[in-house]
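Remarks on the structure that follows.
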Amino acid sequence: MDLRGRSFLTLKDFTPQEIVYLIDLAAEYKDKKKKGIPHDTLRGKNIALIFEKTSTRTRCSFEVAAHDLGMGTTYLDPSGSQIGKKESIADTARVLGRMFEGIEYRGFEQAIVEELAKYAGVPVWNGLTNEYHPTQMLADMLTIREHFGHLEGIKLTYMGDARYNMGNSLMIACAKLGMHFTACTSKDYFPNAALVAECEEYAKQSGATITLTEDVDTGTKNADVIYTDVWVSMGEPEEVWAERIEKLSPYKVTKAVMENAGKQSIFLHCLPAFHDLKTKIGKEQGEKYHFTELEVTDEVFESNQSLVFDEAENRMHTIKAVIAATLK
Ligand code: CP
Ligand code: NVA
């Protein structure tokens, strides 16, 4: 398998074999890290990390992964560079491509990261756009595989806003890897029809299935993985909160949902999560809309079925695999 020189923008661009290769490589790096075996094979190389939206996991994963591999990193924060204000993406790409061996980008439209990759001349990695979050997928798939021992045939139900980066990316990942994907949400939040059609094509090859349902009982019955994400994503306006709470409240992950899924089920969330009021935004919105927990109850989040911190750790191991596999 040779992925050198490839950008990592969406899993749509990768075959199931290539995706599994990256998960396998991540598992190898995880093992090395746990055993204290050095793997700083990329000494002398440098990567740029562009963040037009905030981050804890993705930024730290890229930085720790790069340092473990012996590389240098430069972080460009949401306000501290010329990007998008005084300098176009195409010009930025050509400048950074002369200095760095790879570029991570987190921001708004997918078209921006595609443009960056077109002009950079070095691999570009999507650290989250409005449409996709592909590095998160590798971490999620590694976590699921570690727990169940396999991916094919696993039933994953996504509850919440299924037409944004997480819902889209999970549907693609499941369709490519032979898993059964269900979006269980209000029909206003179903993934868009064109992407569903594309995923149906992947599913024909892999044996996956795709189900869209508004019914919580059937949508979560016997699911192996119950997955959710925040109801309001980064960059969305304040006005959407009221509608999201109204439409998505029936799709909160509760103990009843986990019991309906069954004892074998696990809970995943890309994080950060509003499972209590211990955050500034959670507290403000909670007071305004009278809730104490949003997309998932604190009970489920803190339960033994919740593997969210294994999942968060796996961001680092999988991002390390992406960097190492794609650098020229
Ligand atoms: N899951 C995720 O991408 O987290 P951050 O926003 O903290 O990077
Ligand atoms: N849908 C969320 C994912 C955060 C990792 C967002 O875009 O804010």
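Each ligand, and each atom within it, is numbered from 1 in the order the structure gives.
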**Prompt:** What's the shortest distance from atom 4 (O) of ligand 1 to any protein heavy atom, and which residue and atom give it?
**Reply:** Arg57 NE, 2.8 Å

**Request:** Go through ligand 1 atom by atom and flag the ones less than 4.0 Å from a non-hydrogen atom of Cys270.
**Result:** 1 (N)

**Item:** Side chains of Ile50 and Ile103 in contact at under 4.5 Å (non-hydrogen atoms)
**Value:** yes

**Item:** His133 near ligand 1 by a heavy-atom separation under 4.0 Å
**Value:** yes

**Asked** Between Asn46 and Met71, what is the shortest heavy-atom contact and its length?
**Response** N-CE, 4.4 Å

**Asked** Between Phe8 and Phe14, is the ring centre distance below 6.0 Å?
**Response** yes

**Item:** Polar proximity ligand 2 side, Asp229 side, N/O cut 3.5 Å exclusive
**Value:** yes

**Prompt:** Is Asp215 atom CG crowded by more than 12 heavy atoms from other residues, nucleotides or ligands, each under 6.0 Å away?
**Reply:** yes

**Asked** Going by distance only, is there an N or O of Met234 that falls short of 3.5 Å from an N or O of ligand 2?
**Response** yes

**Asked** Non-hydrogen atoms of Leu271 versus ligand 2: any pair closer than 4.0 Å?
**Response** yes

**Asked** Would you say Arg59 and ligand 1 have an N/O pair spaced under 3.5 Å apart?
**Response** no

**Request:** May I ask whether Leu128 has any heavy atom positioned less than 4.0 angstrom from an atom of ligand 1?
**Result:** no

**Message:** If you measure every N or O of His133 against every N or O of ligand 2, does any of those distances drop under 3.5 Å?
**Reply:** no

**Request:** Could you tell me whether the side chain of Glu311 reaches within less than 4.5 Å of the side chain of Asn314, counting heavy atoms only?
**Result:** no

**Prompt:** Is it true that Glu114 and Lys118 have a side-chain N and a carboxylate O under 4.0 angstrom from each other?
**Reply:** no

**Item:** Leu128: numbered ligand 2 atoms lying under 4.0 Å from its heavy atoms
**Value:** 3 (C), 4 (C), 5 (C), 7 (O)

**Complete:** atom 7 (O) of ligand 2 has as its nearest protein heavy atom Asn165 ND2, 2.8 Å

**Prompt:** Should Ser233 be counted as touching ligand 2, given the test is an N or O pair under 3.5 Å?
**Reply:** yes

**Message:** I'd like to know whether NZ of Lys85 has more than 12 heavy-atom contacts from other residues, nucleotides or ligands below 6.0 angstrom.
**Reply:** yes

**Item:** Beyond-backbone contact of Leu9 with Tyr132, side-chain heavy atoms, under 4.5 angstrom
**Value:** no

**Request:** For residues 167-184, pull every pair meeting side chain to side chain donor-acceptor pair (under 3.5 Å), keeping only residues two or more places apart or in separate chains.
**Result:** His180-Thr209

**Complete:** Honestly, for Asp161 the part within reach of ligand 2 (heavy atoms, under 4.0 Å) is neither

**Asked** Would a distance-only check, ignoring hydrogens and angles, find a side-chain to backbone donor-acceptor pair under 3.5 Å from Ser249 to Glu246?
**Response** no

**Request:** Could you tell me the residue and atom name of the protein heavy atom closest to atom 6 (O) of ligand 1, and the distance to it rounded to 0.1 Å?
**Result:** Arg106 NH1, 2.8 Å

**Prompt:** Does anything in residues 94-107 pair up under side chain to side chain donor-acceptor pair (under 3.5 Å), and if so which pairs, sequence neighbours excluded?
**Reply:** Glu52-Tyr105, Thr58-Arg106, Asp91-Arg94

**Prompt:** At a 4.0 Å threshold, what atoms of ligand 1 neighbour a non-hydrogen atom of Leu271?
**Reply:** 1 (N), 2 (C), 4 (O)

**Request:** For atom 2 (C) of ligand 1, find the nearest protein heavy atom and state the residue, atom name and distance (0.1 Å precision).
**Result:** Arg315 NH1, 3.2 Å

**Fill in**
Per-atom filter on ligand 1: closer than 4.0 angstrom to a heavy atom of Thr56 are 5 (P), 7 (O), 8 (O)

